Amino acid sequence: MDKFWRRGWRGIHSLYTALVYIYLIAPLLIILAMSLNSGELLSFPPEGLSVRWYVEAFHNTQFRSAFLTSILVAAVATLCSALLGFGAAVAFMRLATRRQNGFRLAMLSPLLLPEILTSIAILIAINAVGWQPSYVSLQAGHILITMPYVFMNVVASLQRADPSLPLAASGLGASEWKVLLRVTIPSAKPGLISGCLFAFVISFDLFNLSLLLRGIGGITLPLALSDYMNWNLDPAAAAVSGTSVCLSILAVIIIDRFVGLRSLRF
Amino acid sequence: MSGAPPAAARRDFSWAPAVPALSLIVILIVLPYISILGASFTKAGPGGHSVLTVSNYTDALSDSFFYETLARTLGIGLTVSVACLLIGYPVALHLARLRSRWGGLLYGLVLSPLLVGLVVRTFAWAVILSDNGVANGILQSLGLTEDPLPLMNNTLGVVIGLTHIFLPFMVISLLNVLQSIDPRVEAAARSLGASAFRTFLRVTLPLSLPGIITGSILVFLLGISSYLTPLVLGGGIVKTIPILVVQSLLTTFQWNVGAALSLILACAGMLAVLIFLLATSRWRKIDG
């Protein structure tokens, strides 16, 4: 009898889990399907398959310039947070254990504090000194939010590496630079790659911070999309969303191939 | 290494790589939070000078509309974190016990919404939940309802959207803890005669409590501070504190009011978390 119940319970559990996976993925699949619609309206199931709305979205100058702004902001944010996050991770590894907790807390504070509250605070601070939000504040905000991801992933990589390696290298006469170049950077590489990919995706999708800290004209893709959606809900918006979904899937696949998804730190 | 510097100088130098990162934290976290605190206690006085005041707080706290909005915001956060827990726990359990090659794919499936932007996910839910959207289309074609059900422009729509958006955070929090539970503990309970259900209730569930607490707090805080999803799926009818704050900053330019409102929400959120931690401390002591 127990076996019967166990099997039944397992069946219900599997079914429930399957339903949740569908709930998680369905909205993204529906958007992808709608973006490939050949008709005029957002409809599901699509009337016919075509990429015309992707072409349409690409020819929309607002979307195109917003896309380029987003790529630029995300690329600069990734590069800067790679440098800052890697430096912080190296310093973190050199700290005594009892000091590491405080340091980690400070480095992760941009993620632990609500993004919107931090953005509001930065906006008020900019206002207090009499400046206006501009590309600089937008970019700096993106670096702030993405830096913790690089830091966490690099620290995880460095902690997996043999801690005696740098000591051995410097003991064998390698200079500090050589140790950094030949030991520290190679051991940090998996975390650096996944941290950077994650940073890029996060920056590319950032909405609240961009809304509050952008200067005049500094419209990123999520801002353009939400603006567009206020006035028209057509397949072009779905196509822009579809591009974003594909980019994310690509990032997931790359991270999985390089370092494995489970090693990712949030 | 005969020319190595003395130990004290080396220790100073070891801090150096962290300086740029920490400077950024000071400039963009520490100083802004000081300035938002300052702004919430000042207002424009005569002649454009700011004067110290508590009126930003007292005005808000004596307004019944504000209490209503605050209660709604906290209520949405609470509902979403309970929903995420109920939906996410079985999935996390399933993922933690999965020993197949599909594990990576399913884990990717759980993560994928996290990597797709907030705007896209909110847009997707707007398309699904609207009156002539996908969900009502399916319900009507199945003959389950004649008129479209009001799934959007109300609190229900906001909760459905936010639950989807924050579910990955809950699953990951639970998964981290569930994976660290020694399977031999469960095996021991079973071999001592406990049923599968009893084993879950008395062993697995208490051991996963830290994950439940972390995940619930995380989702609650994310829920009360979300802006775009309540705005779009609430259709402008469901007002939350973040919506009021952004309005007061970007539309009416009442900086000091916005600062006070957001700090009240932050304090209320932290108070709720504190109460939650105190309420669960008894269980944590017994089982931890």
Side-chain angles (χ1 to χ4, degrees), chain A residues 2 6 9 13 16-17 20-21 23-25 27-28 30-31 34 42 44 84-85 87-88 90-91 94 106-107 109-110 113-114 116-118 120-125 127-128 140-141 143-144 147 170 201 205 207-208 212 222 225-226 229 233 237 241 244-245 248-249 251-252 256 261-262 266, chain B residues 1 14-18 20-22 24-25 28-29 31-33 35-36 38-39 87 90-91 94 104 106-113 115-121 123-128 134 137 164 167 172 195-197 221-222 225 227-228 232 242 245-246 249-250 255 258-259 262 266:
Chain A
D2 187 39
R6 244 173 77 193
W9 179 244
H13 186 188
Y16 186 85
T17 311
V20 175
Y21 285 127
Y23 170 67
L24 277 170
I25 204 76
L28 310 181
I30 287 174
I31 279 293
M34 284 181 163
L42 270 180
F44 186 82
L84 298 185
V90 169
R94 293 172 179 170
M107 281 304 294
S109 59
L113 297 162
I116 195 157
L117 185 59
T118 305
I120 291 166
I122 295 173
L123 183 61
I124 287 176
N127 186 54
I143 298 169
L144 179 75
M147 186 174 70
S170 58
V201 172
D205 287 336
F207 176 80
N208 293 329
L212 289 161
L225 189 59
S226 89
M229 273 158 38
L233 277 180
S241 306
S244 172
V245 172
S248 307
I249 292 173
V252 168
D256 199 31
L261 275 176
R262 293 204 179 229
F266 292 92
Chain B
M1 297 290 280
S14 77
W15 267 93
L22 290 179
L24 194 70
I25 298 280
L28 292 183
I29 298 275
L31 296 181
Y33 274 89
S35 103
I36 193 175
I87 295 174
V91 177
H94 178 249
L106 291 178
Y107 189 65
L109 214 62
V110 170
L111 285 190
S112 57
L115 294 171
V116 174
L118 199 65
V119 181
V120 172
R121 280 180 287 167
F123 171 61
W125 280 107
V127 166
I128 293 170
V134 179
H164 177 258
L167 190 56
I172 290 161
S195 68
F197 184 65
L221 292 177
L222 287 168
S225 60
Y227 163 73
L228 182 75
V232 173
V245 172
V246 173
L249 289 186
L250 297 185
W255 302 83
S262 40

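The sequence lines fix the lettering, A, B, ..., with proteins before strands; numbering per chain opens at 1. From a predicted model like this one, the values you see are computed outputs, not experimental measurements.
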> Supply the atom-to-atom distance B:Phe123 CZ to A:Ser244 OG, rounded to the nearest 0.5 angstrom.
11.5 Å

> Nearest 0.5 angstrom please: A:Ile120 CD1 to B:Tyr227 OH, how far?
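Answer rounded to 0.5 Å: 10.0 Å.
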
> Sort out for me which of B:Val119, B:Leu249, B:Ile36, B:Val91 touches chain A most, counting heavy-atom pairs under 4.5 Å.
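Result: the option with the highest number of such pairs is B:Val119.
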
> For the residue pair B:Pro20 and A:Leu84, what are the closest heavy atoms and their distance?
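Closest approach of B:Pro20 to A:Leu84, heavy atoms only: CB-CD2, 3.0 Å.
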
> In the structure I gave you, are the side-chain heavy atoms of B:Ile128 and A:Pro27 within less than 4.5 Å of one another anywhere?
yes

> Indicate yes or no: at least one non-hydrogen side-chain atom of A:Asn127 is less than 4.5 angstrom from one of B:Trp255.
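Side chain of A:Asn127 against side chain of B:Trp255, heavy atoms only: contact under 4.5 Å found.
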
> Quick check on the interface: out of B:Gly117, B:Pro90, B:Ser262, B:Ala126, who has the most heavy-atom pairs with chain A under 4.5 Å?
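Answer, by heavy-atom pair count under 4.5 Å with chain A: B:Pro90.
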
> Among A:Leu212, A:Leu123, A:Ile143, which residue forms the greatest number of heavy-atom pairs with chain B at distances under 4.5 Å?
A:Leu123

> Calculate, to the nearest 0.5 Å, the distance between atoms CG and OH belonging to B:Leu106 and A:Tyr21 respectively.
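It is 4.5 Å, given to the nearest 0.5 Å.
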
> Applying side-chain contact (heavy atoms from CB on, under 4.5 Å), run through B:Ile25 and A:Met147 and close with a yes or a no.
CA-CA 10 Å; B:Ile25 298 280; A:Met147 186 174 70; 3.9 Å; yes

> Would you check if A:Asp205 and B:Leu118 make a side-chain contact, meaning some heavy-atom pair closer than 4.5 Å?
no

> Under the side-chain contact (heavy atoms from CB on, under 4.5 Å) rule, what do A:Ile116 and B:Val246 come out as? Steps first, then yes or no, please.
CA-CA 9 Å; A:Ile116 195 157; B:Val246 173; 4.0 Å; yes

> Look up atom CD1 in B:Ile29 and atom CE in A:Met107, then write down how far apart they are to the nearest 0.5 Å.
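Answer for the CD1-CE pair, B:Ile29 versus A:Met107, is 10.5 Å.
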
> At a heavy-atom separation under 4.5 Å, does A:Tyr23 approach chain B through its side chain, its backbone, both, or neither?
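Its backbone and side chain both get close to chain B.
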
> Are the side chains of B:Pro32 and A:Thr118 in contact, using a 4.5 Å heavy-atom criterion?
no

> Could you check if a side-chain atom of B:His94 sits within less than 4.5 angstrom of a side-chain atom of A:Val20, using non-hydrogen atoms only?
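They are not in contact (no side-chain heavy atoms under 4.5 Å apart), so the answer is no.
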
> Are any of the side-chain heavy atoms of B:Arg121 and A:Ser241 separated by less than 4.5 Å?
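No, their side chains stay 4.5 Å or more apart.
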
> Is there a side-chain contact (heavy atoms from CB on, under 4.5 Å) between B:Leu109 and A:Leu24? Walk through the geometry before answering.
CA-CA 7 Å; B:Leu109 214 62; A:Leu24 277 170; 5.7 Å; no

